[in-house]
Amino acid sequence: MINLELAKKHQETFEQTMMLAEHMMRPYSRKYDKEEHTYPKEMEEVAKLIGGARSAATGGTREPIPAGTVVNGGNMGAVVGLFGLCWGDVGLFLGMPGSGLGNAAITAVGTPEQVKKYGGSYAAMCITEPGTGSDSANISTTAVADGDEWVLNGEKIYVTDGQRCDTLVVWATLDKSLGKAAIKSFIVEKGTPGCEVTRLEHKLGIRASDTAAISFNDCRIPKANVLGSAEIATDAEGRKKAFGGVMQTFDNTRPPVAAMAIGVSRAALDMSRELLKLEGVELKFDKKPVNLSAVEAELCQMEAEWHGARLLVLKAAWMADNKMPNSMEASMCKAKAGRVGNNITLRCVALCQSLGYSEKYLLEKFARDSKILDIFEGTQQIQQLIVARRVLDKSSSELK
Amino acid sequence: MTDTATDLLFDLTLTDEQRMNRESMQRFAAAEMRTLGKSVDAGDSPAQDFYPRTAELGLTLLPIPEALGGAGVERSPTSNALIFEDLAHGDMALALGSLSPMAFVNTLLDQGSDAQREQYLPLFCAGKFKAATTALLEPRATFEPTAPATTATLHGDGYSLSGTKSMVPLGMEAELLLVIARLESGDSAAFIIEGTPLGMTRTAEANMGLLGAQLATLTLDQVQLPASALLGGGAFDLQRFIDLSRIGICALAVGTCQAVLDYVTPYCNERVAFGEPISNRQSVAFMIADIAIELEAMRLMTWRAAARAEQGLDFHEHAYLAKLFCSEHAMKIGTDGVQLLGGHGFCREHPVELWYRNLRAIAILEGIASV
């Protein structure tokens with residue numbers, strides 16, 4: 001039966017995360033924005049409290065769902081929790097132990113042994129390279145089998161939490177000439193000889209979260225640390241499936257990133273509405289939009305966009321909870337929430353004028369933090385590409 | 001945030017009844033409405049020949065209590081929104097006309113008195129199309145639906161109505177009309193008007209679109225009505241009426257925009273330029289992706305407002321924001337639909353220019369299409 005209100009348990013999750021956000025994150029927002037690369041130790045307490053929500057981007061249970069049953073499970077809980085936590089602070093959330101996207105990959109494709117050993121670790125994801133961004137099939141970091149080990153060589157950048165994590169999930173190719181099918185992901189424990197953090201980036205926003213460059217020089221890891229099969233598919237179907245499996249991680253991680261955009265843009269809207277209220281501007285939802293003042297109309301429009309984006313996120317997560325393929329919906333919500341989140345936070349700065357631009361308030365920070373959410377886990381344009389291919393029924397060679 | 005905790009799960013699954021009903025609505029819309037809608041718009045077919053055929057859908061019959069001759073299925077704003085969506089996929093103008101009697105019936109069920117229900121509702125159960133409508137809009141820039149200028153003053157045992165109503169669906173044919181006016185006290189009221197009483201003039205409108213809905217202007221010049229014509233016998237919850245109508249208008253937008261998407265998709269896949277389908281180009285493909293994305297958000301916002309109304313939760317703000325969202329994006333989708341077909345889209349051979357004209361009305365329409 002159609003109902004788009006949150007289940008009671010998720011409403012409670014949301015309220016709890018809002019409390020944490022307000023009392024345990026916001027007080028540190030400015031501090032760690034200023035002290036880039038400093039580890040926000042106060043967040044360990046928050047991470048402990050959210051415990052279960054740590055599986056932020058995990059796919060929940062692998063059990064089949066009986067017909068006729070509806071599940072509001074881990075995926076929905078994760079995005080709802082992120083609405084609240086990222087209302088608090090996206091940067092601090094990302095800099096929190098256990099929020100790493102590597103966890104999502106391990107949970108999604110790892111063997112029971114791997115999940116047991118590494119699922120609870122602080123796992124970061126190494127995909128991007130200096131010469132490879134959105135075209136992740138083009139990576140050139142190599143993995144070569146040598147006895148009981150894999151030997152990794154290459155350079156990775158934009159590794160969120162790369163400095164402070166315990167574990168890395170590294171994308172590497174077994175043979176670049178074999179294309180996508182030869183790309184596998186590997187679990188590397190930090191401290192393994194040959195694996196070194198070489199640089200931390202200075203960024204526009206999410207400064208509380210470290211973003212590392214990591215190099216692999218003859219880095220040797222156990223054979224058992226490959227995620228999924230080490231076989232390289234030889235037929236077209238198998239090749240497609242192999243890389244599709246790797247990419248499927250994104251179906252689980254895109255809605256959470258979209259949820260972060262929902263959280264931060266809600267924060268900007270709430271703060272702007274408070275500041276505007278002091279000047280007598282209040283939304284009453286009474287007059288038709290065409291009869292409102294410009295500032296009221298702009299606020300209303302942002303509210304509408306925010307609600308639309310939020311529902312797309314919930315739908316994608318709901319589909320994942322109910323084991324429905326949600327590749328397109330995950331991309332839809334990421335594209336929409338990414339751009340809406342960025343638009344709202346930027347417009348809120350302009351609406352509040354000097355107050356918006358000042359570091360005295362957090363509006364300018366929200367506007368800086370939100371930009372990354374329209375970029376990582378696939379830029380808006382990559383999401384549009386995925387949606388377009390699905391709607392138009394086109395392959396990646398037809399619609400490039 | 002304004003979410004209200006409920007004991008229900010978040011769910012987008014249709015009930016079996018809704019699924020079956022959608023199938024028959026969609027079948028009817030495809031077979032009876034799409035082609036005819038275009039022909040009506042071109043002035044080649046009279047819309048009044050079409051409406052009697054909608055009787056088979058039982059649109060008004062369902063929610064009327066069995067005691068009054070109806071099917072006694074509890075009125076469901078969500079199921080109604082799905083019907084609006086599916087019929088608009090066929091043709092928005094004809095959908096609006098077809099659903100006008102249902103909007104009248106819904107409002108009577110929602111806010112009418114027992115005596116009024118007993119008097120009027122059985123008329124909608126005879127298995128024939130009964131033209132009825134609701135009238136709120138007035139022809140004035142800056143018009144606010146919550147502040148109609150049409151007045152109802154006490155006159156003898158009844159009321160005297162004066163004012164002008166515009167964009168009234170089935171306005172020329174409707175045998176029963178619900179007219180919204182303002183009482184001397186300042187409160188809003190709704191009046192049931194039968195036929196064309198003395199002082200009321202009906203004028204067919206010529207608009208940029210929605211020809212099939214047979215929109216008309218009603219001029220009321222001291223129209224005398226008995227006290228029993230006052231809906232519910234007292235104050236009318238105008239905001240609730242507007243909000244329930246907004247859900248229906250949003251659903252019309254969703255159905256029409258789905259029609260745009262379903263049309264431009266194969267067109268852009270088949271249309272070749274520079275040696276390959278134009279949909280192989282990102283500028284074209286991304287426009288289509290955005291249509292799909294915004295359309296889905298329109299649908300979810302509409303469903304949410306409808307489901308809240310159905311659960312008895314406050315839904316004013318949700319209906320308001322859904323209407324705002326649908327108004328903006330429906331027009332964007334309408335104009336992108338024409339853009340994607342280029343010069344062909346501008347020519348009336350293709351339906352996209354019709355959808356463009358019809359979708360312009362989404363931001364304007366109020367007080368019709370109550371779910």
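Order of the sequence lines fixes the chain letters, A, B, ..., with proteins taken first and strands second; residue numbering starts at 1 for each chain.
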- Message: Need one label for Leu12(B): side chain, backbone, both or neither, based on atoms under 4.5 Å from any heavy atom in chain A.
- Response: both

- Task: State, with a plain yes or no, whether a side-chain heavy atom of Lys400(A) is found less than 4.5 Å away from one of Gln282(B).
- Result: no

- Query: Given that the side chain runs from C-beta out, which part of Met76(A) has a heavy atom under 4.5 Å from chain B: side chain, backbone, both or neither?
  - Reply: side chain

- Are any of the side-chain nitrogens in Arg240(B) or Asp243(B) under 4.0 Å away from the carboxylate oxygens of its partner? no

- Message: Shorter than 4.5 Å, heavy atoms on both sides: which option in Gln18(B), Met301(B), Glu144(B), Arg281(B) has the most such pairs with chain A?
- Response: Glu144(B)

- Item | chain B contact via Leu283(A) - which portion, at a heavy-atom distance below 4.5 Å | neither

- Item | Residue part contacting chain A, namely of Thr78(B), when any heavy atom lies under 4.5 Å | side chain

- Interface residue of largest heavy-atom contact number with chain A, from Trp303(B), Tyr320(B), Phe325(B), under 4.5 Å: Tyr320(B)

- Polar side chain donor-acceptor pair, Asn3(A) to Asp11(B), under 3.5 angstrom: no

- Query: Is it the case that more than 12 heavy atoms not belonging to Lys394(A) sit under 6.0 Å from its NZ atom?
  - Reply: yes

- Query: Does any heavy atom of chain B fall under 4.5 Å from the side chain of Val391(A), the backbone, both, or neither of them?
  - Reply: both

- Query: In terms of heavy-atom proximity below 4.5 Å to chain B, should Asp286(A) be classed as side chain, backbone, both, or neither?
  - Reply: backbone

- Message: If I measure from the heavy atoms of chain A, does Glu328(B) come under 4.5 Å with its side chain, its backbone, both, or neither?
- Response: side chain

- Query: Under the salt bridge (Lys or Arg N to Asp or Glu O under 4.0 Å) criterion, do Lys336(A) and Glu294(B) qualify, and how do the steps go?
  - Reply: CA-CA 8 Å; Lys336(A) 177 71 178 168; Glu294(B) 303 299 354; 2.7 Å; yes

- Task: Would you indicate whether the side-chain heavy atoms of Phe285(A) and Leu321(B) approach each other to under 4.5 Å?
- Result: yes

- Item | Per-residue contact mode, Leu314(A) against chain B (heavy atom under 4.5 angstrom) | both

- Should Thr379(A) and Ser134(A) count as side-chain neighbours, where that means a heavy-atom distance under 4.5 Å? yes

- Leading residue by heavy atom contact count with chain A [cutoff under 4.5 Å; candidates Thr142(B), Leu14(B), Ile291(B), Ile242(B)]: Thr142(B)

- Query: Does the side chain of Trp87(A) reach to within under 4.5 Å of the side chain of Glu22(A), using non-hydrogen atoms?
  - Reply: yes

- Task: Go through the atoms of Arg246(B) and report whether side chain, backbone, both or neither lie under 4.5 Å from a heavy atom of chain A.
- Result: side chain

- Which one, Arg389(A), His10(A), Met332(A), Lys288(A), leads in non-hydrogen pairs under 4.5 Å with chain B? Lys288(A)

- Item | Partner chain B: residue of Val71(A), Asn72(A), Leu311(A) with the largest heavy-atom pair count (under 4.5 Å) | Asn72(A)

- Message: Between Glu15(A) and Gln11(A), do the side chains contain a donor N or O and an acceptor N or O under 3.5 Å apart?
- Response: yes

- Highest number of heavy-atom pairs under 4.5 Å with chain B: which of Leu392(A), Val290(A), Leu399(A)? Leu392(A)

- Which residues in residues 265-277 of chain B have a heavy atom less than 4.5 Å from any heavy atom of chain A? Thr265(B), Asn269(B), Pro277(B)

- Item | Contact class of Ala363(B) relative to chain A, heavy atoms under 4.5 angstrom | backbone

- So do the side chains of Leu244(B) and Phe315(B) get within less than 4.5 Å of each other, counting heavy atoms only? yes

- Decide, yes or no, whether a salt bridge links Glu5(A) with Arg304(B) under the criterion of side-chain N to carboxylate O below 4.0 Å. yes

- Note: Lys334(A)-Glu377(A) ion pair, threshold 4.0 Å (strictly below): no

- Contacting region of Lys315(A) [heavy-atom separation from chain B under 4.5 Å]: both

- Task: Indicate yes or no: does Arg339(A) engage Asp290(B) in a salt bridge with an N to O separation below 4.0 Å.
- Result: yes

- Message: Angle between ring planes, Phe236(B) versus Phe241(B), binned at 30° and 60°: parallel, tilted or perpendicular?
- Response: tilted

- Query: Can you find a heavy atom in the side chain of Pro63(B) that is under 4.5 Å from one in the side chain of Asn80(B)?
  - Reply: no

- Query: Of the listed residues (Lys284(A), Glu12(A), Gln381(A)), which shares the most heavy-atom pairs with chain B below a 4.5 Å separation?
  - Reply: Gln381(A)

- Message: Do Ser245(B) and Ile368(B) have side chains that approach each other closer than 4.5 Å (heavy atoms only, starting at C-beta)?
- Response: no

- Query: Measuring heavy-atom distances to chain A, does Leu261(B) have an atom under 4.5 Å in its side chain, in its backbone, in both, or in neither?
  - Reply: side chain

- Message: When you compare the side chain of Met298(B) with that of Cys250(B), does any pair of heavy atoms fall below 4.5 Å?
- Response: no

- Note on the structure: Under 4.5 Å to a heavy atom of chain B? For Glu305(A) that would be both

- Query: So which part of Gln301(A) gets closer than 4.5 Å to some heavy atom of chain B, the side chain, the backbone, both or neither?
  - Reply: both

- Query: Measuring heavy-atom distances to chain B, does Gln383(A) have an atom under 4.5 Å in its side chain, in its backbone, in both, or in neither?
  - Reply: neither

- Checking Phe286(B) against chain A: side chain, backbone, both or neither under 4.5 Å from a heavy atom? both

- Item | Arg299(B) portion near chain A, given a 4.5 angstrom heavy-atom threshold | neither

- Query: Will you find, in the side chains of Thr13(A) and Gln16(A), an N or O donor that is under 3.5 Å from an N or O acceptor?
  - Reply: no

